[in-house]
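Take a look at the structure below.
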Amino acid sequence: MKQKKSTDLELYLRLLTYVKPYLRIFLVAMLAMATLALTSPAIAALFKNITEGVFQHAEIDLMTRVVFPIILVFFVVAVSSYISRYALAWIADRLVMDLRVEMFSRLLSVSCADLNRHTASSLISKFTFDVTQLKEAGTNVITTLSRDTLSIIGLVAWMAYIDWLMTLLAIVAGPFILFVLLVLRLRLRRMSRLVQDSMADLHHVLDETIAGHRIIKIFAAGEQEAERFRQQANANRRFIMKFVAASAASTPAINIITAVVLAAIVYAAAAHAAADNITVAEFNSFFAALLMLLSPLRRLSRINEDLQRGLAASESVFTFIDQEAEADAGEVSVGRLAGSIEIHDLSFAYGEETGPVLQNISLTVKPGQSVAVIGPSGSGKTSLVNLIPRFYEQASGKIRVDGYDIRDLSLARLRENIALVSQDVVLYNDTVFNNIAYGSNRTATAEQVRDAARQADALAFIEALENGFDTVVGNDGSRLSGGQRQRIALARALLKDAPILILDEAMAALDTESERSIQRTLDSIRQDRTCIIIAHRLTTIENADHIFVLDNGRLVESGTHCQLIAQGGVYSRLYDDSENGIIAS
């Protein structure tokens with residue numbers, strides 16, 4: 001469902017809801033800013049006292065009228081400035097942290113299909129770049145609006161007290177400045193979006209280069225990748241400069257307007273002075289207030305830059321947060337399942353623009369059976385097993401586990417009963433022990449972890465590592481071989497002791513001896529669990545209780561190894577190819 005586009009006000013008000021938990025600290029910051037703002041007219045008033053005390057009435061007590069007030073005012077400025085800046089910085093960092101935590105929670109809860117719509121680099125950009133842009137809109141904008149608006153009100157009030165006509169001339173500049181800001185608003189927002197998109201593209205190139213550095217080296221593609229990165233970096237630079245150009249245009253325009261108004265005020269002040277309607281001290285104080293007025297006006301003119309950048313980032317962040325969580329309408333809560341699986345007339349496609357991946361699949365797996373799903377590359381084997389834990393939702397048909405439609409089971413209970421080892425092994429930059437005792441396994445004892453490693457034929461190589469189970473495996477297991485990574489992943493799955501075990505090319509990187517050892521382990525444990533095996537070496541699944549053969553998304557054959565060989569069909573051909581060294585994947 002397409003999300004409704006939020007207005008600027010809705011985006012900003014929603015952003016402010018993240019400040020609400022820290023309201024007390026925010027009020028302290030606002031009080032400090034209000035105090036800081038009130039010091040501006042106080043400083044302007046001091047200029048009147050200084051002129052009168054130093055140049056006009058030497059007999060006035062300078063310590064009481066000038067020196068002590070100056071020290072007091074600037075002490076108040078220092079304290080209130082520190083409190084407001086520190087408090088707002090604290091709130092801003094908490095806002096960023098809270099948004100990142102909420103985004104990460106959403107990342108964990110969205111479906112695989114929704115997650116596949118984002119590249120890894122675009123997601124990283126949202127977490128690292130987009131969300132930090134919200135600091136400007138969430139706190140700097142508030143700071144500028146509250147502090148500088150109060151300063152302007154105070155200064156204008158003091159100027160009006162001295163001479164209302166000259167103050168009226170100063171106020172004339174307001175509508176012209178507002179017009180300039182409105183003209184630049186749309187371009188700033190558009191450029192800010194383009195900066196965010198180009199940053200995501202830059203992250204994408206960097207991510208691909210790091211992941212594929214071996215391929216880049218072996219195919220001598222260094223210059224090609226360097227040029228690709230340069231083009232993306234240059235695109236990012238161009239959009240940033242366009243944003244800067246639009247933002248920088250506001251300052252000269254406002255300065256010109258200010259200069260014209262300032263000249264008119266000086267002319268009016270000279271006329272008033274000639275008519276003795278204003279004293280030298282009042283003129284100095286008025287002009288000091290006018291000059292002090294320029295700084296908050298300039299900051300207010302630049303607030304649009306921070307605001308538009310922050311609102312564009314808000315759109316990106318809130319669009320991600322507003323994604324629907326994975327569908328979980330199941331209300332049936334069960335304990336440990338027996339592991340029977342029934343699939344009836346199942347069809348599936350990854351999207352409307354692509355054709356069906358699976359069509360009218362029907363099969364049955366009994367509890368404790370060890371079954372294999374094989375077929376040529378692209379036949380739908382992995383897609384089929386991905387539907388059992390509901391990583392994706394079937395387009396039509398039914399999948400039942402122990403007689404329950406998997407859509408009627410809660411996701412948590414369904415997945416508690418399934419362990420998975422995929423061909424793309426995922427390990428974390430942590431110890432071997434923590435990679436095995438991961439997630440629902442994290443309460444396992446050391447002996448249970450050792451036993452799972454033994455079953456996965458991993459204990460010998462783990463104990464041979466420098467720090468044994470306490471060895472850090474590196475980013476994605478980079479300090480281990482492919483076979484070692486797969487055995488650790490298998491140990492993690494065996495430690496879970498789920499009634500359904502899915503092995504999706506889980507032994508692809510193992511040598512023949514390790515594969516036979518693990519096969520013996522599977523033979524010994526399959527009485528207590530249902531095993532679904534996808535393998536590219538068909539000699540490893542000869543002893544499976546049942547073999548299902550897929551081709552072009554359809555179930556074309558099923559039976560035991562001997563039955564399928566006797567049929568002389570797809571399986572027989574794939575088995576002959578496997579025997580001859582041709583891998584069936």
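What you see is a predicted model, and the numbers here were worked out from it, not measured in a lab. Only heavy atoms go into these numbers, but all of them, side chains included; no hydrogens, no water, no symmetry mates. Numbers for residues simply follow the sequence, beginning at 1.
- D405 contributes a side-chain N or O that, together with a main-chain N or O of R407, makes up a donor-acceptor pair within less than 3.5 Å.
- Put simply, the side chain of T471 does not reach to within 4.5 Å of the side chain of L480, judged on heavy atoms.
- In this structure, R487 contributes its side chain and D457 its backbone to a donor-acceptor pair below 3.5 Å.
- Side-chain contact between T530 and L337: absent, with no pair of heavy atoms (C-beta onward) separated by less than 4.5 Å.
- The OG atom of S314 lies 4.5 Å from the CG atom of L15; values are rounded to the nearest 0.5 Å.
- In this structure, CD1 in I532 is found 3.5 Å from CD1 in I388, a value given to the nearest 0.5 Å.
- A donor-acceptor contact shorter than 3.5 Å links the side chain of R106 to the backbone of Q323.
- Taking each heavy atom of I436 and A453 in turn, the nearest pair found is CD1-CB, 4.5 Å.
- Taking OG1 from T445 and CG from L495, the interatomic distance works out to 8.5 Å, rounded to the nearest 0.5 Å.
- Evaluation of the ring pair (Phe, Tyr, Trp, His ring centres under 6.0 Å) test over residues 547-566, restricted to residues two or more places apart or in two chains, returns H546-F548, H561-Y571, H561-Y575.
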For V334 and D402: C-alpha separation, side-chain torsions, deciding distance, then whether side-chain contact (heavy atoms from CB on, under 4.5 Å) applies. CA-CA 10 Å; V334 295; D402 283 16; over 6 Å; no

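- Annotation: side chain to side chain donor-acceptor pair (under 3.5 Å) contacts of D98 (sequence neighbours excluded): Y22.
- Among all heavy-atom pairs drawn from G559 and Q563, the shortest one is CA-OE1, 3.4 Å.
- Between D497 and R529, at least one side-chain N (NZ, or NE/NH1/NH2) sits under 4.0 Å from a carboxylate O, which counts as a salt bridge.
- For R442, the side chain to side chain donor-acceptor pair (under 3.5 Å) test picks out no residue, with sequence neighbours left out.
- Donor-acceptor pairing under 3.5 Å is recorded for the side chains of N434 and T431.
- Legend: residues meeting side-chain contact (heavy atoms from CB on, under 4.5 Å) with A372, ordered by chain and number and at least two apart, are I374, I541, A544, I547.
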Does the pair Q567 and V549 meet the rule for a side-chain contact (heavy atoms from CB on, under 4.5 Å), with working shown? CA-CA 12 Å; Q567 288 180 18; V549 185; over 6 Å; no

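- The shortest side-chain heavy-atom distance between Q394 and I406 falls under the 4.5 Å cut-off.
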Does the pair F318 and L99 meet the rule for a side-chain contact (heavy atoms from CB on, under 4.5 Å), with working shown? CA-CA 9 Å; F318 290 143; L99 279 169; 4.0 Å; yes

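- Under the side-chain contact (heavy atoms from CB on, under 4.5 Å) criterion, R450 pairs with E447, R454, L459, E463, F469, not counting sequence neighbours.
- Remark: side-chain polar atoms of D545 are paired, donor with acceptor, to backbone N or O of S370 under 3.5 angstrom.
- The OG1 atom of T132 sits 11.5 Å away from atom CG of L95, with the distance rounded to the nearest 0.5 Å.
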Just do the side chain to side chain donor-acceptor pair (under 3.5 Å) check on D451 and Q455 with the steps written out, would you? CA-CA 6 Å; D451 186 55; Q455 291 182 64; 3.2 Å; yes

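- Side chain of S572 to main chain of G569: no donor-acceptor pair is present (N/O by atom type, distance under 3.5 Å, no hydrogens or angles).
- The distance between the ring centers of F129 and F127 does not fall below 6.0 angstrom.
- Side chain of K496 to backbone of N441: no donor-acceptor contact under 3.5 angstrom is found.
- Side-chain contact check for K398 versus E342: every heavy-atom pair is 4.5 Å or farther apart.
- R336 is linked by a side chain to side chain donor-acceptor pair (under 3.5 Å) to nothing, counting only residues two or more places apart in sequence or in another chain.
- At a threshold of 4.5 Å between non-hydrogen side-chain atoms, the residues L427 and R492 count as touching.
- A pairwise comparison of heavy atoms in S362 and L555 identifies O-CD2, 3.1 Å as the closest pair.
- For R415, the salt bridge (Lys or Arg N to Asp or Glu O under 4.0 Å) partners are E326, not counting sequence neighbours.
- Applying the side chain to side chain donor-acceptor pair (under 3.5 Å) criterion to D130, with sequence neighbours excluded, gives S316.
- The shortest non-hydrogen separation linking V473 to N435 is CG2-ND2, 3.7 Å.
- Side chains of I502 and I500 form a contact here, defined as non-hydrogen atoms less than 4.5 Å apart.
- Remark: R230 engages E227 in a salt bridge (Lys or Arg N to Asp or Glu O under 4.0 Å) (not counting sequence neighbours).
- Using a 4.0 Å cut-off between a side-chain N of Lys or Arg and a carboxylate O of Asp or Glu, D551 and R573 do not qualify as a salt bridge.
- Atom CG of N552 sits about 8.5 Å away from atom CD of Q359, to the nearest 0.5 Å.
- A donor-acceptor pair under 3.5 Å is absent between the side-chain atoms of D504 and the main chain of I534, judged by distance alone.
- For residues 382-394, every residue pair satisfying the salt bridge (charged side-chain N to carboxylate O under 4.0 Å, His left out) rule, not counting sequence neighbours, is listed here: R390-E393.
- At a threshold of 4.5 Å between non-hydrogen side-chain atoms, the residues S347 and L358 do not count as touching.
- Remark: Y438 pairs with Y428 by the ring-ring contact (aromatic ring centres under 6.0 Å, His included) rule, at least two apart or across chains.
- Atoms OG1 and CG, on T560 and N543 in that order, are 11.0 Å from each other to the nearest 0.5 Å.
- For D470, the salt bridge (Lys or Arg N to Asp or Glu O under 4.0 Å) criterion is met by no residue, not counting sequence neighbours.
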Would Y392 and S383 count as a side chain to side chain donor-acceptor pair (under 3.5 Å) if you check the C-alpha gap in whole Å, the side-chain angles of each, and the deciding distance to 0.1 Å? CA-CA 9 Å; Y392 299 90; S383 298; over 6 Å; no

side-chain contact (heavy atoms from CB on, under 4.5 Å) for V371 and I341? Distances and angles first, verdict last. CA-CA 11 Å; V371 302; I341 300 172; over 6 Å; no

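- Of all heavy-atom pairs between A491 and A452, the closest is O-CB, 3.5 Å.
- Closest approach of L411 to D328, counting heavy atoms only: N-OD1, 3.1 Å.
- Within the 4.5 Å cutoff, the side chain of V96 has no heavy atoms near those of the L134 side chain.
- Formation of a donor-acceptor pair under 3.5 Å by the Q486 side chain with backbone atoms of G483 is not found in this model.
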